[in-house]
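The structure appears below as structure tokens.
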Amino acid sequence: MDHNATTPIRPEVLEAFLPYYQEKFANPSSVHAEGQETRVAMEAAREKVAALLGAKPREIVFTGCGTESDNMALRGVLAAEARTGPHIVTTATEHPAVIETCAYLETRGVEVTYVPVGRSGVIDPDDVAESIRDDTVLVSVMHGNNESGSVQPIAEIAKLVKEREKVFHTDAVQTAGKLPIDVEEMNIDLLALSGHKLNAPKGIGALYIREGLTMDALIHGGHQERNRRSGTENVAGIVALGRACELGMSHMEEESARLRRLRDRLQEGLQERIPEVEINGDPQRRLPGTLNMSFRAVGGEPLLINLDLAGVAVSTGSACASSNTDPSHVLQAMGVPKDLIEGSLRFSLGWGNTDEDVDRVVEVLPDIVARLRAVSGKWDAAKVKT
Ligand code: PLP
């Protein structure tokens, strides 16, 4: 139940991937027949990624991961900006791939406004619009949050950004292949996605770049990817990403409904059996498989370890920050009290999770919480009305 960290490769995706990892290994820039064959496969995959987003194939650039796609979007647009001291608008709950890139850009003279979010983790589009200035170059707002699961109203935000003639980027790493996206209808100029979050392998990502957008490349070399991102392409990863996007698109509706049902069953099962729990994130505008829950008077870390011993994999926040003991910047920005941040767990369901998995968690977690609370100095059982 840690699919927001990464996902398993679907068998259909592995089947598409393997021939290009084994016998069909030619460089897609080679003129010979084998090279042409891998190029054709790569371009077919580009069409599939583009179809998932409502984009044109030539607007898709393959990268190494979601982090690279976010870096390319932000740094590429800023590098092409001639003015000194330009301004970016982003939010306080972005993934480190955006936040840390903004922090780096700040050391290079860029000014950044971090728009706050409400208690549900959802941003008010007017707050974004009010932060836009004449010298604003780019607005970057993530689609679905990896920790809270909250989904931002990006179409509304992007419309306001477009009216002000600015560039809009969204980190859609947690939503691509899971929620409907149409870059034309939603006025998106740049969109980052990552293969390993949608049942493709690690090491492959993509950036949608609206045709005609001016930006610099981060990686210079052999002019691959229309000179946007040099380096011999990861053909097997690209073919796998294409297949995963195709499957994501064709199963989106039924898989979202299935995950929503499982997630809600998990939430209700835990709420019924465990007193003093709180849900973090917007109950309505939420990724279908994500449940972020706080358990009063217990630490998230002991909960995670005990669940791990029971064979259940969850997370206390984003996997990228798991070596970092600082409280989650996302829950902090949402105004979740410190003790509830400390007792928070993220369940993220995905392809392969079943009703049995949900039953297992609902069976083992109440005892774990009760045991930990029994030895917790913070737990005042008398206060709890059950
Ligand atoms: N953006 C979001 C919202 C994510 O959840 C992640 C990964 O956790 C990333 C970006 C980074 O993606 P990648 O792991 O492919 O670099």
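We number each residue from 1, following the sequence as shown. Whatever order the structure lists ligands and atoms in, that order sets their numbers, starting from 1.
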Next item on the list: Output yes when the distance from some N or O of ligand 1 to some N or O of Val173 is under 3.5 Å, and no in every other case.
Entry: no
Next item on the list: Could you tell me whether Arg296 and Asp339 make a salt bridge, using a distance below 4.0 angstrom between a side-chain N and a carboxylate O?
Entry: yes
Notebook entry, point to check: Looking only at distance, does Asn4 have an N or O less than 3.5 Å from an N or O of ligand 1?
Noted result: no
Margin query: Below 4.0 Å, non-hydrogen atoms only: which portion of Lys197 touches ligand 1? Side chain, backbone, both or neither.
Written below: side chain
Item checked: Atom indices of ligand 1 within 4.0 angstrom of Ser194 heavy atoms, with elements -> 13 (P), 15 (O)
Notebook entry, point to check: Is any side-chain N of the basic residue among Arg228 and Glu59 closer than 4.0 Å to the acidic one's carboxylate O?
Noted result: no
Item checked: Lys166 and Asp189 ion-paired at < 4.0 Å -> no
Checklist line | Cys65, portion touching ligand 1 at heavy-atom distance under 4.0 Å | finding: both
Next item on the list: Before accepting this row, confirm whether a basic side-chain N of the pair Arg119/Glu278 lies closer than 4.0 Å to the acidic partner's carboxylate O.
Entry: yes
Next item on the list: Using a 4.0 Å heavy-atom cut-off, say whether His196 meets ligand 1 through its side chain, its backbone, both or neither.
Entry: side chain
Notebook entry, point to check: Counting from 1, what ligand 1 atoms have a heavy atom of Met142 closer than 4.0 Å?
Noted result: 3 (C)
Note to self: Within 45 degrees of the ring normal and closer than 6.0 Å to the centroid, is that where the cationic atom of Arg75 sits relative to Tyr104?
What the structure shows: yes
Notebook entry, point to check: For ligand 1, is any non-hydrogen atom under 4.0 Å from Thr67's backbone (N, CA, C, O), its side chain (CB onward), both, or neither?
Noted result: both
Note to self: Looking at Arg360 and Glu356, is there a salt bridge between them, counting it only when a charged N and a carboxylate O are closer than 4.0 Å?
What the structure shows: no
Item checked: Under-4.0 Å heavy-atom contact with ligand 1, by part of Asp70 that carries it -> side chain
Next item on the list: Applying side chain to side chain donor-acceptor pair (under 3.5 Å), run through Thr101 and Asn71 and close with a yes or a no.
Entry: CA-CA 6 Å; Thr101 304; Asn71 268 264; 3.3 Å; yes
